[in-house]
Number of protein chains: 2
Amino acid sequence: MREYETDNDYEMARAAKSGGGDETQVNASRERFQRIYTLLRNRICLLDYPPGTRLSEEALAAEFGISRTPLRRVLGWLESQGLLRSVHGVGTIVTDVEIDAFVQVYQLRMELAELVGKLSPVPPTPETIGLFRELERRGSELQQKPDPRAFAQLNIDFFHGLMRLTENEPLREISERLYYQTARIWLKSISQMNLAQEVAIFAREIAEVRTAVEIGDVSAASHIRRSHISMSFVRLSNTKPETATQA
Amino acid sequence: MREYETDNDYEMARAAKSGGGDETQVNASRERFQRIYTLLRNRICLLDYPPGTRLSEEALAAEFGISRTPLRRVLGWLESQGLLRSVHGVGTIVTDVEIDAFVQVYQLRMELAELVGKLSPVPPTPETIGLFRELERRGSELQQKPDPRAFAQLNIDFFHGLMRLTENEPLREISERLYYQTARIWLKSISQMNLAQEVAIFAREIAEVRTAVEIGDVSAASHIRRSHISMSFVRLSNTKPETATQA
DNA sequence: CAGGATGCTGTTGTGTACAACATAATAAAA
DNA sequence: TTTTATTATGTTGTACACAACAGCATCCTG
């Protein structure tokens with residue numbers, strides 16, 4: 001569905017820009033924006049840029065072969081999503097999530113997960129069912145060779161798969177926003193937990209959801225998801241005594 | 001609580017900028033951003049800029065006495081909120097909401113309204129109670145002299161009052177975003193309806209909510225709100241045959 | 001040696017000129 | 001007259017130079 005390459009793709013962008021781009025350039029511009037936006041968001045929530053990291057506009061602009069101006073548009077969107085914060089004279093800092101906000105976001109995400117089954121649920125297509133089977137396969141694979149980063153990536157893809165179960169676009173946008181706000185905190189905590197156990201639980205969740213999707217019961221899938229978000233939160237709370245700080 | 005002046009306030013900003021601004025200028029910059037953002041958002045949802053309006057970056061920049069660059073930052077945020085859409089070579093257009101998205105947003109807003117009573121409800125302070133009494137007074141006043149714009153402003157203030165009933169900040173942000181996405185569509189439709197009747201119904205809603213708030217029952221207030229959003233949507237659907245289009 | 005002022009360095013914010021683009025009016029050709 | 005090419009105009013997008021700012025090291029002064 002979506003590409004989450006973290007390297008070698010902006011190189012393509014540069015080639016497309018300088019090379020044989022004889023199609024409409026405006027679309028190329030919007031696609032470039034989308035690519036950089038998605039790329040940076042992924043780097044943030046995959047902890048390539050841990051909370052507190054200071055990003056340099058100039059360095060990023062140079063990396064993507066563009067000027068600071070269009071890059072700042074991307075950073076502005078990321079800032080409006082609460083992932084960055086620009087401070088004059090200091091830098092562009094990757095935000096952290098304080099404990100209170102983390103709790104609130106998780107509570108809200110639980111409710112929204114359930115709403116997926118209530119608002120405009122869409123009967124799963126064979127393609128969607130296939131996607132969840134593929135996710136389940138990746139889950140099994142991950143159990144044999146646990147890895148935090150692959151775990152996080154599977155979690156992201158699973159989330160996007162769930163978003164295909166509703167046609168309510170505002171719900172999707174909002175769920176996505178909240179997901180990306182806490183995904184990195186979750187990932188940061190996962191490292192301090194029993195990785196194998198978490199992977200096993202997650203694999204079971206995928207399997208359960210896949211079963212529900214297969215018989216077309218989106219509501220059941222959403223309830224399964226909700227309960228797992230809830231339980232995941234409980235486990236996180238039990239193992240995470242300290243949290244980060246951020247103004 | 002919040003100021004929604006549509007004129008004579010940016011003049012203050014200019015004076016503060018050129019005049020005796022011997023405090024930290026960075027705060028002044030952020031406040032300026034916030035002021036212009038709020039101002040433009042209000043103009044959009046109060047239909048000063050009806051859907052389809054083409055805004056000129058240069059004209060707006062001149063109006064606020066700044067360059068296009070900082071203004072574009074504001075426009076970028078409004079675009080990320082779905083209120084604007086910039087098209088290269090054409091202009092910055094105020095978006096419209098197609099019927100499907102409108103339905104989806106309303107459905108979602110109903111659920112979120114109920115969540116206000118479930119997620120981190122905050123016991124109303126005397127100040128909050130006073131606010132709702134004031135809103136109720138304005139509602140009565142409005143009944144004697146119905147006016148679409150004053151109606152819209154009261155609706156906005158009432159919404160912000162309701163947001164004080166929860167401490168869940170993400171829920172507030174998201175509710176606000178969805179509210180401002182559909183408020184102008186609601187206002188546009190109100191004009192074609194029985195204004196006096198709508199005002200009367202709204203005044204009753206305020207009174208009911210005020211009663212619930214007064215006894216500290218935030219959950220009841222949220223359910224009242226939910227039901228009124230639902231009924232408002234039904235009335236809108238019955239009186240609005242045609243809708244606007246937007247890519 | 002301690003404390004504070006001062007310059008140095010790197011960062012984001014702003015202004016401005018120009019490029020890329022879309023649209024409509026206009027002129028030319030069939 | 002119709003159609004097509006072209007020019008004119010106004011718009012947003014981009015690049016770059018500079019201003020404003022914060023943090024830090026340095027140096028001067030007591």
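Labels below follow one simple rule: chain letters A, B, ... track the order of the sequence lines, proteins then strands, and each chain is numbered from 1. All heavy atoms count here, side chains included; hydrogens, waters and symmetry mates do not.
Annotation: side chain of B/Thr166 is in contact with side chain of B/Arg172 (closest heavy-atom distance under 4.5 Å).
Taking B/Ser232 as the reference, B/Tyr106, B/Trp186, B/Arg235, B/Leu236 meet the side chain to side chain contact (heavy atoms under 4.5 Å, CB included) condition, with sequence neighbours excluded. Legend: residues meeting side chain to side chain contact (heavy atoms under 4.5 Å, CB included) with B/Ser80, ordered by chain and number and at least two apart, are A/Trp77, A/Ser80.
A straight line from CG of A/Leu71 to C1' of D/dG13 spans 14 Å, rounded to a whole angstrom. Between the CD atom of A/Glu58 and the P atom of D/dA17 there is a distance of 11 Å, rounded to whole Å. Between the CZ atom of A/Phe33 and the P atom of D/dG13 there is a distance of 10 Å, rounded to whole Å. Spacing between atom CG of B/Leu75 and atom C1' of C/dT14 amounts to 15 Å, rounded to whole angstrom units. If you take NE2 of A/His88 and P of D/dC21, they are 7 Å apart, rounded to a whole angstrom. Atom C1' of nucleotide C/dT12 and atom CG of A/Leu60 are separated by 13 Å, given to the nearest angstrom.
Note on A/Arg68: a base of the nucleic acid sits closer than 4.0 angstrom, heavy atoms only. Contacts of A/Thr69 with the nucleic acid, taken as non-hydrogen atoms under 4.0 Å apart, include base atoms. Residue contacts shown for A/Leu55 are limited to sugar-phosphate atoms, with no base heavy atom under 4.0 Å away. Nucleic acid contact for B/Leu84: none, since no nucleic acid atom lies under 4.0 Å from a heavy atom of the residue.
Proximity of a side-chain donor or acceptor of A/Asn168 to a complementary backbone N or O of B/Gln104 within less than 3.5 Å is detected.
Between B/Arg32 and C/dT14, a side-chain N or O to OP1/OP2 separation shorter than 4.0 Å is present. Side-chain N/O atoms of B/Ser29 include one lying less than 4.0 angstrom from OP1 or OP2 on C/dT14. Considering only side-chain N and O atoms, B/Arg73 lies under 4.0 angstrom from the phosphate OP1 or OP2 of C/dG13.
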